[in-house]
Each structure stands twice: as structure tokens, then as C-alpha cells.
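All chains are named by letter (A, B, ...) in the order of the sequence lines, taking the proteins before the strands, and each is independently numbered beginning at 1.
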Protein chains: 2
Amino acid sequence: MEVVERKQRTREQTRAGILQTAKDIARREGWQSVSIRKIADAIEYSAPVVYDYFDSKDILLDEIRNDGFRYLRDEYERLVRLYRDPEKLLYEISLIQWQFAMQQPEMYQVMYNQNGANCLAPIEESAEIKSVNEIVCRIIFTFIPKSAESIRRLYFEWWATSHGLISLSALLRHQQPLEASEQIYRETMRRFVRGLK
Amino acid sequence: MEVVERKQRTREQTRAGILQTAKDIARREGWQSVSIRKIADAIEYSAPVVYDYFDSKDILLDEIRNDGFRYLRDEYERLVRLYRDPEKLLYEISLIQWQFAMQQPEMYQVMYNQNGANCLAPIEESAEIKSVNEIVCRIIFTFIPKSAESIRRLYFEWWATSHGLISLSALLRHQQPLEASEQIYRETMRRFVRGLK
DNA sequence: ATTTTTAGTTAACGGCGTTAATATGCCTGA
DNA sequence: TCAGGCATATTAACGCCGTTAACTAAAAAT
């Protein structure tokens, strides 16, 4: 039956439309203004149809969060194939992190529950974040083969450095232009990566 | 008139009660469950009385945020009088930052709009945060007297390092015990401060 | 042709921030 | 002393919110 396939396709499109609309509203008005009713209005449906696709608003947010981590994972894997030198590789991954946060701030916000985005689903149990963790940990390991404990610690420090600079850059973007923050980010991350060996 | 003073005193108490109740609920149930009606219930009043003390929920949150930065400023000033060595001083200030974030997580959350706390009042125009900035910048300057631009940059890096580690420690607290994170925090901040000279 | 399933709606519940209208008691001036 | 005004607090209401139940109309299956 072709009709079944077509239905599944439009269903997939509606689902994607819901996710995209949520992100659009969040970008324009902030996550605090994202409501099920507004999403439904934008896709020209009534509110309850959203629940045919997502059991709750929280699950919708969780999906967006996981999309974000999936995007990062895919980009990281792409870079792994692109760069042989682990120092260069980890630096490029750092830059992707910055790029992602600046180009899709509403995704970064929901991934870290910032600025009105509040996803109650536990972030630590997300399979997507775990696979991101694994990739970066493996890169650090090929860089400096130490104990798993040491690797985890270095990863934690790398992640915290990146996340701290990104969050603070966004917070202070009206005092300190993003170009200036980006330069500091690049230099700091380069220094961090250099310091690993 | 003594009666006027007494009234002002009880008014001050009610005001403080509102702020404390908001923080209590936030600590127990998270900022997403803090509502004007719940606060009013807890202090045994009806909801509209809260508006005799705070023009809006946002202003209430802004007040809590500024209380947080005032607390930090006072603690920093205390430490300035306590330690002569700027290296030791900046390290101790870093430790206060950690202590504060762990002992009053709900305040730290509203200060940085994390985890359901969403204060729309612009953080960059807060007088309290500016005075905190000044204090730490002055300390760094007595440490290494460079241009104002360099100082601002070093301050930015110090702040981002601290904030990144604190935020990520909270995020991953179920995977990595806070004691482990605290040790990494101490060592990282010590290394940062050492690296300044 | 009739029944069943699907796709979508409207209506409703309890809770939210916020404001207007209303009640209650206290102080003051005639 | 008591009428009137002010301070204090309440209830009621508005338009949102997330979410669920009840309902309708069209399509599909029998």
C-alpha cells in the first residue's frame, strides 16, 4: 500500500515541523515563550495534535536536546575522519562547539537548561551525550594514553573550559562583542590542547 | 511615632519572608515550581499582597539575583582585608565561588538563569555585578599591572573557568561525585592563579 | 450499506502571572 | 462620639499555560 507510506511521510514532516517551530519561536522570543498552543497555531493545527507526536512538552524538549547532541556527534565523527593529528583534531572539535553554540543558540540553551529552557529529563542518562563523551575521550586517549580515570578528568576539564567560555560569552555579549570572545575562546582552547601533551 | 517604625519593621520582615520562601521552594522543588500563589500560601497571605512588595515575579527574581552578587561582593571584600598575597587572595575568592554555588545552588541558578530560573532583567546592567567585577579586576591588577584591556580579559578567563567547572559539576553530579569535582576545581583554579604571574 | 477506524476538533480542568473590584478594620478630624 | 477616609487584605476575574476527555466528521474496511 503506497497510501500508508505517504501517510508516514507526512507524519514525519509534521513531526519535524513541530520541532522546527519550537526552535523558531525560541530563537525569536526565547524559550519562556514557547508553548504547545503557539506551536500548534504555527503549524495550523489545534493543540492536542502535538500530543500525537510527543507525549509531553518535556519529551519534545528532550528530543531537541538529543538532536543537538546527535548533531555534535556527527560533526565530531566527520572531523575524526578529516584530521589525523589529535591535537589539531581536538582543536577543531572545540571550534565546532563554538560554532554550534553561536549558530543554534536555542539548541545550546535547551541542552544545558539555560535561559528559560527547562527540560526535566535527566541529561546524564541520554545515550546521545554518552556517545559524544566516548568520541572525545577516545581522541584524548589516542593523544595521551593514560588511565581511564585521567582521561575522564581531562575530558571534564576540556568540556568545562569550553562550556564556561561559551556561556559567559553569551551572558556578556552586550558588554564584550562576540568577536572578541571568540578570539579568547580560540586561544584558550588552543592553549588547553597544547598543554595536554 | 513608634507605630510607624514597627510597621516598617514588620513590612521588612514580610518582604524578607517572601524572598526566603521563594528560595526555599526553589531548593526543594526547582525554580520551575516557584509561583506567586505558592509563595503567598507559604507566608499565609493571598497572592496579590506579594505585589505590594515586588512589582512582578521578574523583579522578585532580580532581587534574589542581586542579593547573590551582593553576598559575593561582601565575601570578596572580607577576603581582601584578610589576605595580602594577591595569589592567595584570588585563590581564596575562587573557593568562595565554589562554596557559594554548592551551599546556595538556587541562588547560583537564578544568577545565571539555569535550571528553570528565568530572570529577564538584564544581568549586564546590574550594579551589584559591576561592583563584583571591579573588585576582582582590581585584585588581578595589583597582581600583574597590565592594561585595563588585558585585565578585563584575564578576569573573563578566570570567571569562565570557574563558572564552567561549577556548572558542569552540577550537571554531572550523578556521574561524578561533587567531592571529585571540587578537587578538580581547586587544582584548576590554583593552576590558573599560578599561571597569572 | 453498515460498522470501525482515523484524524481532527472543541471543551474542560487546574494552575499560572497579574489586575480590578471589593470588603474590613483602624486612625483621624468634626 | 461618630462619620469618613486610609491602609490592608481579600475575592473575582482575565487571558494565558500543559494536558486530557468528549465529541464529530470523514475515510476505510467489512
Interatomic distance where OH belongs to Tyr53(A) and P belongs to dT6(C) [whole Å]: 14 Å
At 4.0 Å (heavy atoms only), tell me whether Val50(A) reaches a base, stays on the sugar-phosphate, or touches nothing. nothing
Please report, rounded to the nearest Å, how far the P atom of dC17(D) is from the CD atom of Gln32(A). 12 Å
Should the pair Trp158(B) and Tyr76(B) be assigned to parallel (<30°), tilted (30 to 60°) or perpendicular (>60°) ring geometry? perpendicular
The side chain of Lys38(A) is closest to which nucleotide in this list: dT11(D), dC17(D), dT19(D)? dC17(D)
Ser56(B) side chain, from C-beta outward: closest of dT19(D), dT18(C), dT9(C): dT18(C)
Quick one: Leu60(B) CG to dC16(C) C1', roughly how many Å, whole number? 15 Å
Given DNA chain D, 5'-ward residue of the pair Val49(B) and Asp55(A), judged by closest heavy atom: Val49(B)
Within this structure, what is the CD1-to-C1' distance between Ile39(B) and dC16(C), rounded to whole angstrom? 12 Å
Does Arg190(B) qualify as a cation-pi partner of Tyr91(B), given the criterion of NZ or CZ under 6.0 Å from the six-membered ring centre and within 45 degrees of its axis? yes
Considering only NZ, NE, NH1 and NH2 on the basic side and carboxylate oxygens on the acidic side, decide whether Glu187(B) and Arg153(A) come within less than 4.0 Å. yes
Looking at Tyr45(A), does any N or O in its side chain come under 4.0 Å of the phosphate oxygens OP1/OP2 on dG8(C)? yes
Taken to the nearest whole Å, CG/Asp52(A) to P/dT5(C) is 17 Å
Whole angstroms only, please: what is the CD1-C1' distance between Ile43(A) and dA7(C)? 13 Å
Is there a donor and acceptor pair, one atom on the side chain of Arg37(A) and one on the base of dG18(D), closer than 3.5 Å? yes
Tell me the interatomic distance from Phe54(B), atom CZ, to dT19(C), atom P, rounded to whole angstroms. 16 Å
Taking the minimum atom-to-atom distance to the side chain of Ser35(B), which one of dT19(D), dG17(C), dT18(C) wins? dG17(C)
Indicate yes or no: does Glu157(B) engage Arg152(B) in a salt bridge with an N to O separation below 4.0 Å. no
With ring-ring contact (aromatic ring centres under 6.0 Å, His included) as the test, would you mind laying out the steps for His163(B) and Phe156(B) before giving the verdict? CA-CA 10 Å; His163(B) 178 60; Phe156(B) 180 74; over 10 Å; no
Take the protein atom OH of Tyr51(B) and the nucleotide atom C1' of dC14(D), then report the distance between them rounded to whole Å. 13 Å
